[in-house]
Peer 1: 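One structure follows; several queries about it will come next.
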Amino acid sequence: MANTSSSACSVASAFGVVKGGSGRYFWTVAVVQMEPYQRIGPEAPPRVVQVELGGGGAAPTPAGPTGTPRAP
């Protein structure tokens with residue numbers, strides 16, 4: 001059996017989301033030690049996530065033909 005966990009968080013205040021609004025973004029996870037700061041393990045491979053903001057925020061970032069975000 002695989003060791004799994006899950007967590008929920010809001011990314012609405014993340015710099016890229018504030019600038020880009022709703023749309024597709026790359027998401028990854030890294031485990032770090034805070035004091036002194038250092039990475040404890042490898043960064044996970046990035047995955048595409050869809051962010052939907054309420055309230056009619058900025059227009060979505062255009063996606064390429066494969067569904068991956070385009071660079072601005």
Side-chain angles (χ1 to χ4, degrees):
M1 176 178 221
N3 185 9
T4 62
S5 61
S6 65
S7 180
C9 64
S10 172
V11 295
S13 62
F15 179 80
V17 176
V18 169
K19 291 293 197 183
S22 296
R24 291 186 174 129
Y25 292 88
F26 287 108
W27 177 267
T28 188
V29 174
V31 178
V32 299
Q33 174 180 300
M34 297 301 289
E35 293 291 334
Y37 183 86
Q38 68 180 15
R39 289 186 179 199
I40 295 175
E43 185 174 321
R47 304 188 93 165
V48 175
V49 295
Q50 181 72 31
V51 175
E52 297 294 336
L53 301 175
T61 302
T66 61
T68 57
R70 291 184 188 157

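As a basis for the values below, the full set of heavy atoms in this structure was taken, side chains included, without hydrogen atoms, waters or symmetry mates.
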Peer 1: Looking at every heavy atom in both Tyr25 and Gly16, which two are closest together, and how far apart are they?
Peer 2: OH-O, 3.5 Å
Peer 1: Taking all non-hydrogen atoms of both residues into account, name the closest pair between Val32 and Tyr37 and its distance.
Peer 2: CG1-OH, 3.4 Å
Peer 1: Applying side chain to side chain contact (heavy atoms under 4.5 Å, CB included), run through Trp27 and Val48 and close with a yes or a no.
Peer 2: CA-CA 6 Å; Trp27 177 267; Val48 175; over 6 Å; no
Peer 1: Can you name the salt bridge (Lys or Arg N to Asp or Glu O under 4.0 Å) partners of Arg47, sequence neighbours left out?
Peer 2: none
Peer 1: Can you check whether Val51 reaches Val11 side chain to side chain, under 4.5 Å on heavy atoms?
Peer 2: yes
Peer 1: Side chains of Leu53 and Ser22: does their closest heavy-atom pair fall under 4.5 Å?
Peer 2: yes
Peer 1: Carefully, step by step, assess Gln33 and Glu35 under the rule side chain to side chain donor-acceptor pair (under 3.5 Å).
Peer 2: CA-CA 6 Å; Gln33 174 180 300; Glu35 293 291 334; over 6 Å; no
